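For reference, the structure discussed in these notes is given below.
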Amino acid sequence: MTDNHVSGMEASAVSVLKRAVELDQSGRFQDSLVCYQEGIQLLIDVLKALKDESKRGHYREKIKGYMDRAEQIKAHVNQMKEDGKYHEQIKIPEDATGFSYEALFKPYISSALSEVWVEDPYIRHTHQLYNFLRFCEMLLKLCSKVKRIHLLTSQDEQADKTQQSNALSELRDSLGGQGVTLDVQYSSTIHDREIRFDNGWIIKIGRGLDYFKKPQGRFSIGYCDYDLRRCQETSVDIFHTKHTKTL
């Protein structure tokens with residue numbers, strides 16, 4: 001392994017662990033735990049490549065310190081989950097970027113996740129339907145064991161419902177080809193937005209899945225990559241329960 005390669009891993013580890021500390025200090029423990037784990041692995045890779053014993057000792061101490069903090073956070077989160085007291089809030093500022101579905105939901109998606117419930121009254125119009133499609137793609141990308149997705153949404157009584165029903169029917173068929181069942185139900189009284197995972201995580205986004213701003217044009221930055229798409233201001237509340245209700 002070249003010196004440049006090792007230096008690159010060191011820089012990546014520093015960046016990830018700096019983010020972990022920032023998230024830790026702001027109370028975003030689940031997010032910080034993911035970053036600590038990624039950063040620690042990068043430091044371990046650096047340690048394996050080093051030959052200087054003094055540097056190796058330095059990195060062993062660093063790794064131990066970060067591992068100890070990660071274990072403390074893990075124990076703290078597990079205790080809050082056990083007590084049913086876990087609550088975390090993320091504020092998405094106006095025009096912020098870096099809040100794609102993958103960035104937002106990844107810390108709460110475990111390898112055992114198999115069933116998801118989405119309650120959102122605004123999966124109606126073209127861009128909202130694409131939002132839901134992207135959310136489903138994210139689930140398939142991050143967790144191969146997802147087998148069932150439930151959607152509870154509403155219909156626009158003032159508009160043609162054909163586009164909505166056709167789009168969701170096409171998505172149902174496409175997901176079916178991936179071995180995933182999509183169950184769609186409609187409600188005329190639904191108002192709240194909520195996403196539930198069968199691993200116990202509950203995510204409530206003030207604006208639901210529709211928190212992205214319209215891109216400036218079809219060939220502008222952020223049109224394809226939602227990590228670069230500007231957001232509307234909203235709050236995300238995360239809870240955990242040992243009992244996941246069904247629709």
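What you see is a predicted model, and the numbers here were worked out from it, not measured in a lab. Excluded from the calculations below are hydrogen atoms, water molecules and symmetry mates; all remaining heavy atoms, backbone and side chain alike, are included.
- If you check the side chains of Ser32 and Asp24, you find no donor sitting under 3.5 Å from an acceptor.
- Defined by atom type and a distance below 3.5 Å, a donor-acceptor pair is missing between the side-chain atoms of Asp210 and His125.
- Glu94 CD: more than 12 foreign heavy atoms inside a 6.0 Å radius.
- No donor-acceptor contact under 3.5 angstrom links the side chains of Lys145 and Ser114, judged on distance only.
- Ser154 and Arg124 share a donor-acceptor pair across their side chains, judged by distance under 3.5 Å alone.
- The pair Lys161-Asp156 does not count as a salt bridge, with every side-chain nitrogen at least 4.0 angstrom from each carboxylate oxygen.
- Residues Asp183 and Gln185 bring a donor and an acceptor atom of their side chains to less than 3.5 Å of each other.
- Checked against a 6.0 Å centroid threshold, the rings of Phe239 and Trp201 do not count as neighbours.
- A salt bridge does not link Asp52 with Lys55: every distance from a Lys NZ or Arg NE/NH1/NH2 to an Asp or Glu carboxylate oxygen is 4.0 Å or more.
- Under 3.5 Å, the side chains of Ser110 and Asn199 contain a donor-acceptor pair of N or O atoms.
- With respect to Lys74 and Glu71, no salt bridge is recorded, no charged nitrogen being found less than 4.0 Å from a carboxylate O.
- Using a 30° and 60° split on the angle between ring planes, Tyr226 and Phe212 fall in the perpendicular class, above 60°.
- Ring orientation note: the planes of Tyr101 and Phe135 are nearly perpendicular, at an angle over 60° on the 30°/60° scale.
- Using a 4.5 Å heavy-atom cutoff, the side chains of Glu194 and Ile202 are in contact.
- The cationic group of Arg207 does not satisfy the cation-pi geometry with Tyr211, failing either the under 6.0 Å distance to the six-membered ring centre or the 45° limit from the ring axis.
- Counting heavy atoms of neighbouring residues, nucleotides and ligands inside a 6.0 Å radius, atom CD of Glu170 does not exceed 12 of them.
- Under the 3.5 Å distance criterion, with hydrogens and angles disregarded, a donor-acceptor pair is assigned to the side chains of Glu88 and Tyr86.
- Salt bridge present: Lys141 and Glu102 bring a charged side-chain N and a carboxylate O closer than 4.0 Å.
- Open room surrounds CD1 on Ile221; 12 or fewer heavy atoms of other groups in view lie less than 6.0 Å from it.
- A salt bridge is absent between Asp237 and Lys204; no separation between the charged side-chain nitrogens and carboxylate oxygens falls under 4.0 Å.
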- Begin with the C-alpha distance, continue with both residues' side-chain angles, and end with the deciding distance and a verdict on salt bridge (charged side-chain N to carboxylate O under 4.0 Å, His left out) for Lys213 and Asp95. CA-CA 8 Å; Lys213 287 192 170 183; Asp95 289 326; 2.7 Å; yes

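- Lys64 and Asp68 are joined by a salt bridge, as a carboxylate oxygen and a charged side-chain nitrogen come within less than 4.0 angstrom of each other.
- Salt bridge annotation for Arg196-Glu119: present, with a cationic side-chain nitrogen under 4.0 angstrom from a carboxylate oxygen.
- For the pair Glu10 (side chain) and Val46 (backbone), a donor-acceptor distance under 3.5 Å is absent.
- Using modelled atom types, one finds a donor on one side chain and an acceptor on the other under 3.5 Å when comparing Gln41 with Asp45.
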